[in-house]
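One structure is given here, and the rest of the page talks about it.
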4 protein chains.
Amino acid sequence: MTKDKPLTQHELRSQATRARIVEAAHTQFVANGLEGTRMEAISAEAGVNKSLVYRHFGNRETLYREVLARAYGQIREAEAQIHLPEDPVAALDTMICFTLNYYIEHPDFLVLVGIENLNGGVHLREVARDVLKVERLVERYRTVIRCGTDAGLFRQGIDPVDLYLVVSSQCWFTVATRHTFGITFQVDVLARAEIEQRVALIKHTVLGFVLDEPRIDALLARSAKQPTAG
Amino acid sequence: MTKDKPLTQHELRSQATRARIVEAAHTQFVANGLEGTRMEAISAEAGVNKSLVYRHFGNRETLYREVLARAYGQIREAEAQIHLPEDPVAALDTMICFTLNYYIEHPDFLVLVGIENLNGGVHLREVARDVLKVERLVERYRTVIRCGTDAGLFRQGIDPVDLYLVVSSQCWFTVATRHTFGITFQVDVLARAEIEQRVALIKHTVLGFVLDEPRIDALLARSAKQPTAG
Amino acid sequence: MTKDKPLTQHELRSQATRARIVEAAHTQFVANGLEGTRMEAISAEAGVNKSLVYRHFGNRETLYREVLARAYGQIREAEAQIHLPEDPVAALDTMICFTLNYYIEHPDFLVLVGIENLNGGVHLREVARDVLKVERLVERYRTVIRCGTDAGLFRQGIDPVDLYLVVSSQCWFTVATRHTFGITFQVDVLARAEIEQRVALIKHTVLGFVLDEPRIDALLARSAKQPTAG
Amino acid sequence: MTKDKPLTQHELRSQATRARIVEAAHTQFVANGLEGTRMEAISAEAGVNKSLVYRHFGNRETLYREVLARAYGQIREAEAQIHLPEDPVAALDTMICFTLNYYIEHPDFLVLVGIENLNGGVHLREVARDVLKVERLVERYRTVIRCGTDAGLFRQGIDPVDLYLVVSSQCWFTVATRHTFGITFQVDVLARAEIEQRVALIKHTVLGFVLDEPRIDALLARSAKQPTAG
DNA sequence: GATGAATGAGGATTCATTCAT
DNA sequence: AATGAATGAATCCTCATTCAT
């Protein structure tokens with residue numbers, strides 16, 4: 001996208017240093033949290049002088065934002081790379097598996113987002129909107145849904161964000177609360193057998209959500225008359 | 001349960017102070033995190049001398065554990081109070097609404113659990129197991145499931161923890177990632193309309209999960225032959 | 001000396017407590033120094049409430065003074081119990097052995113006196129003079145000297161305090177600097193063989209000091225013309 | 001000895017600061033003891049920021065060790081500079097006067113060693129052995145003894161460490177217990193007249209120790225048959 | 001006399017950040 | 001760009017001492 005002007009050697013070196021710092025900061029923020037991370041630790045891990053970190057990023061928060069934005073960029077990038085099969089159910093499977101896998105393999109992302117939510121999202125709000133590339137993400141889900149409705153398999157009017165929610169929330173919960181859940185229910189949720197079962201569970205609920213099942217609709221309609229949350 | 005021996009005035013006063021400190025600590029930990037909370041702030045909020053906090057709890061971590069255990073105790077207590085209707089679908093609705101409502105009204109709990117997961121669960125692991133009262137919780141879900149299967153409405157063999165997962169994960173995600181989700185999708189997830197829709201969504205997936213729908217089973221069986229997560 | 005009026009039970013008990021506190025304080029001050037000793041530790045060791053220590057002694061310094069005075073009283077008491085043989089050389093031996101033994105067996109005393117000197121003697125100065133019972137001590141040495149001069153063995157004009165100095169300084173140094181000396185010269189000064197040799201050394205110097213040796217006097221006279229310390 | 005590489009301006013400045021801190025720490029530790037010394041006071045006296053002290057030395061104990069090692073280094077250095085006269089008695093005089101003078105003029109050293117002994121020598125034990133330069137010290141005494149025996153004045157077989165003990169213990173006691181001794185015997189031991197007398201006393205005992213006096217040997221032999229310390 | 005709760009002042013250490021080179 | 005020295009503002013925790021019972 002950006003026009004890459006040729007860089008001087010100085011600039012190249014500087015950018016490499018910058019990248020090393022962001023990488024180190026990522027590790028540290030994930031491991032120790034926002035308040036728990038020491039600038040000293042970041043600079044040490046990056047192998048540079050502490051003051052240099054300040055020269056490049058000004059202060060800790062800015063550096064944290066850089067790390068946060070990068071993490072969002074990376075997942076969106078990965079999502080964009082997904083190859084969706086033509087078969088709508090297989091496409092759903094793919095999305096589910098990708099999501100759970102990504103969370104399992106990048107717990108860092110969940111940690112950062114967790115930190116961010118504990119902080120009320122103040123830093124993410126400062127991140128340029130376009131970094132989040134939301135449309136790209138929604139588009140993926142829209143494609144899956146179109147696929148299924150075109151095949152006459154899924155019901156009409158499924159909202160892509162709703163579908164994202166159903167998928168994401170269950171994958172998220174699995175990974176993000178793995179410690180407390182594991183302690184509470186005495187299981188290792190990342191054990192292979194557990195994961196397999198979890199995937200089946202998620203697929204089940206997702207299918208229940210997208211398929212056109214008259215009984216579910218009927219029951220939902222009935223239930224909607226009852227008082228609900230709020 | 002506990003035989004309440006008459007307490008001396010000293011003991012009464014001491015217990016009251018202790019309770020005030022825990023309350024204040026709860027507020028502070030939720031607002032500022034584990035590392036971000038200053039003992040000074042806790043004592044100030046409790047209206048007692050800083051040293052007194054140390055006299056009662058020894059150090060910050062112990063105090064945090066007390067707060068954490070209490071929060072777990074409270075949700076379990078609330079769950080135990082739920083009145084479940086006879087009708088199984090209504091019972092499900094009740095559980096869903098209770099869960100989402102509890103999370104919305106006690107974001108503190110989610111924050112504490114979030115902090116705990118960021119910390120790898122080290123503190124929860126130190127909390128006496130019986131404080132978690134897991135059986136009580138599972139029992140509630142087992143009851144709902146029995147209700148539905150007895151009525152010939154739900155399929156056989158539903159695991160209560162699985163059901164808890166489907167319900168809890170979606171309620172959890174809604175509240176726990178409300179800031180980042182809100183920023184990403186430009187929506188206020190706690191707005192009334194949003195919540196209503198969210199409840200409907202959760203009910204939908206839960207019904208899809210518990211009802212005996214042959215088509216879902218068939219598709220799941222097919223999908224299980226594909227490669228999955230891991 | 002003091003007229004002992006019969007004490008009430010209360011008073012007896014109180015005095016016993018008081019004694020336990022002083023004992024505990026002694027142990028603690030010796031082990032941890034003046035600044036290093038915690039009132040908490042004293043009360044714990046005495047098995048009483050912290051406030052009670054304050055009730056009895058008012059503050060830490062006063063308590064320390066009590067301990068210091070008691071320690072001085074005890075050594076003076078022990079010195080008073082020494083049985084001096086008639087033979088003057090044997091009497092000297094007795095004094096030397098008593099002194100060294102007392103220091104070895106009561107390093108506490110040296111520690112307290114050491115603390116006191118590090119503090120410029122401010123606390124000892126507050127201790128009633130008569131507690132020190134100096135005359136008793138000097139008298140012992142005077143007796144030994146008289147013994148020796150009467151027997152025509154010692155020279156005339158030996159000052160008892162000088163003699164005390166010769167004896168005491170060497171015994172003192174042995175015990176008081178045993179750690180640093182031991183580290184410096186790689187030797188365990190309290191090992192039996194070492195002690196024996198040390199006693200012989202001290203006896204040697206003491207005899208050299210009290211005996212009437214013309215050569216020594218001659219050399220001293222010559223040496224006195226040289227510039228000296230100051 | 002050390003090859004002095006040219007230092008950068010940074011290094012020079014840093015070393016100067018370091019030296020100022022050690023100097024200030026020395027003063028403070030001597031004045032207030034190990035526990036009694038406040039890091040604040042050290043940094044204030046050194047005219048630097050408190051944190052800088054930590055940057056340079058890590059913690060109070062390390063700094064204390066630095067001070068202790070330096071003090072040992074200094075006395076050994078001074079001892080190495082002594083010019084010993086050829087005449088053996090004069091050489092002894094020189095050693096005695098040097099020792100007493102050094103203690104009088106550097107009570108700091110005695111205080112530090114006193115602190116160290118109260119602490120069981122734990123810190124000195126951590127100091128590199130070669131800092132203590134023990135051989136240098138022993139060599140000085142060996143020289144004096146050889147001097148005297150070669151001249152046929154001293155008896156055979158005098159152990160240099162024994163001689164050091166006789167000299168050092170009396171000088172030590174004079175200075176190290178000056179406060180308690182002064183209070184006990186109501187004298188100012190550092191007054192000129194007192195010092196002169198003290199030097200004479202020490203010389204007397206030292207001569208008694210090194211000279212070949214048959215009567216002393218005879219009495220010592222007799223006395224050795226009596227029970228002794230232990 | 002004896003106890004436990006409570007306080008206030010202080011003190012070691014840490015750490016984000018700035019300065020000088 | 002990069003470094004190391006230096007700073008100032010916390011922040012945790014301790015402890016002598018007092019208060020209330």
Side-chain angles (χ1 to χ4, degrees), chain A residues 8-18 35-43 47-56 58-61 63, chain B residues 8-18 35-43 47-61, chain C residues 8-18 35-43 48-56 58-61 63, chain D residues 8-18 35-43 47-61 63:
Chain A
T8 68
Q9 263 195 314
H10 249 214
E11 282 166 337
L12 274 171
R13 216 186 120 148
S14 180
Q15 292 224 340
T17 302
R18 210 184 145 88
E35 303 257 7
T37 292
R38 311 294 153 213
M39 294 302 269
E40 183 88 46
I42 293 173
S43 65
V48 301
N49 186 277
K50 203 174 12 165
S51 312
L52 197 52
V53 178
Y54 280 92
R55 187 178 169 82
H56 275 291
N59 62 29
R60 187 166 59 166
E61 297 215 337
L63 180 48
Chain B
T8 68
Q9 263 188 305
H10 260 172
E11 283 165 336
L12 274 172
R13 210 188 137 117
S14 183
Q15 293 218 344
T17 302
R18 214 185 143 87
E35 303 252 12
T37 292
R38 310 295 153 212
M39 295 302 269
E40 179 93 48
I42 293 174
S43 64
V48 301
N49 187 277
K50 208 182 352 172
S51 320
L52 196 53
V53 178
Y54 284 92
R55 182 180 155 80
H56 277 289
F57 297 95
N59 60 30
R60 189 165 55 167
E61 295 216 338
Chain C
T8 69
Q9 262 195 315
H10 248 213
E11 282 166 336
L12 273 171
R13 215 186 122 147
S14 180
Q15 292 223 340
T17 302
R18 210 185 146 86
E35 304 255 7
T37 292
R38 312 294 154 212
M39 293 303 269
E40 183 88 47
I42 293 173
S43 64
V48 300
N49 186 277
K50 203 173 14 162
S51 314
L52 196 53
V53 178
Y54 281 93
R55 186 175 171 82
H56 275 291
N59 62 29
R60 187 165 59 165
E61 296 214 338
L63 180 48
Chain D
T8 68
Q9 261 188 308
H10 260 171
E11 282 165 335
L12 275 171
R13 209 188 138 118
S14 183
Q15 292 218 344
T17 302
R18 212 183 143 87
E35 304 252 10
T37 292
R38 310 297 152 212
M39 293 303 269
E40 178 93 48
I42 293 174
S43 63
V48 300
N49 188 277
K50 208 180 355 170
S51 319
L52 195 54
V53 178
Y54 283 91
R55 182 179 157 81
H56 278 289
F57 297 95
N59 61 30
R60 189 167 56 167
E61 295 214 339
L63 180 48

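Side chains included, hydrogens not; waters and symmetry mates left out as well; all remaining heavy atoms used. To find a chain, count down the sequence lines: A is the first, B the second, and so on, and within it residues start at 1.
- At E:dA2, one or more side-chain N or O atoms of C:R13 fall inside 4.0 Å of OP1 or OP2 (strictly under the cut-off).
- Interface remark: the B:K50 side chain does not form any donor-acceptor pair with the E:dT7 base, using a distance-only criterion of under 3.5 Å.
- Distances shorter than 4.0 Å separate none of the side-chain N or O atoms of C:R55 from OP1 or OP2 on E:dA2.
- At the heavy-atom level, D:S14 lies under 4.0 Å from the strands shown only through sugar-phosphate atoms.
- Closest non-hydrogen pair, A:S43 versus A:E40, comes out as OG-O, 2.9 Å.
- Of all heavy-atom pairs spanning A:R38 and A:E35, the tightest one is NH1-O, 3.2 Å.
- The residue among A:M39 and D:E40 whose nearest nucleotide of DNA chain E lies closer to the 5′ end is D:E40.
- As a whole-Å value, the separation of C:I42 CD1 from F:dT17 P is 10 Å.
- Taking 4.0 angstrom as the limit, B:N49 places none of its side-chain polar atoms (N or O) nearer than this to OP1 or OP2 of E:dA6.
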- request: For side-chain contact (heavy atoms from CB on, under 4.5 Å), just list the numbers for D:I42 and D:M39, CA-CA rounded to whole Å, side-chain angles, deciding distance to a tenth of an Å, and then say yes or no.
  value: CA-CA 5 Å; D:I42 293 174; D:M39 293 303 269; 4.1 Å; yes
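- Between the C1' atom of E:dA6 and the CZ atom of B:F57 lies a distance of 15 Å, rounded to the nearest Å.
- For the pair B:E11 CD and E:dT3 P, the computed distance is 15 Å after rounding to whole Å.
- Note: CZ (A:R38) to P (E:dT17) measures 11 Å, nearest angstrom.
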field: Intermediate values then yes/no, side-chain contact (heavy atoms from CB on, under 4.5 Å), A:R60 and A:L63
entry: CA-CA 5 Å; A:R60 187 166 59 166; A:L63 180 48; 5.6 Å; no
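- What you find for B:S14 and B:H56 is that their closest heavy atoms are OG-CE1, 3.3 Å.
- Look at F:dT21: its Watson-Crick or wobble partner, with both distances under 3.5 angstrom, is E:dA2.
- Using a 4.0 Å heavy-atom criterion, one finds that D:T37 contacts the sugar-phosphate atoms exclusively.
- Considering only the side chain of C:Y54, F:dT17 comes nearest among F:dC12, F:dT17, E:dA6.
- When Watson-Crick and G-U wobble pairs are counted only if both distances are under 3.5 Å, F:dC15 pairs with E:dG8.
- Taking only distance into account, the side chain of A:S51 meets the base of E:dT18 through a donor-acceptor pair shorter than 3.5 Å.
- DNA chain F is contacted by both A:V48 and C:G58; A:V48 maps to the nucleotide lying nearer its 5′ end (nearest heavy atom per residue).
- With the nearest nucleotide of DNA chain F identified for both A:L52 and C:N59, A:L52 has the one nearer the 5' end.
- Side-chain proximity of C:H56 to E:dT17, E:dA2, E:dT18: nearest is E:dA2.
- One atom, CD of B:Q15, and another, P of E:dG4, lie 15 Å apart when rounded to the nearest Å.
- For C:R60 and F:dT17, the shortest distance from a side-chain N or O to OP1 or OP2 is not below 4.0 Å.
- Distance D:R18 CZ to F:dG4 P: 16 Å, rounded to the nearest Å.
- F:dA9 is paired with E:dT14 under the Watson-Crick or G-U wobble criterion, all donor-acceptor distances under 3.5 Å.
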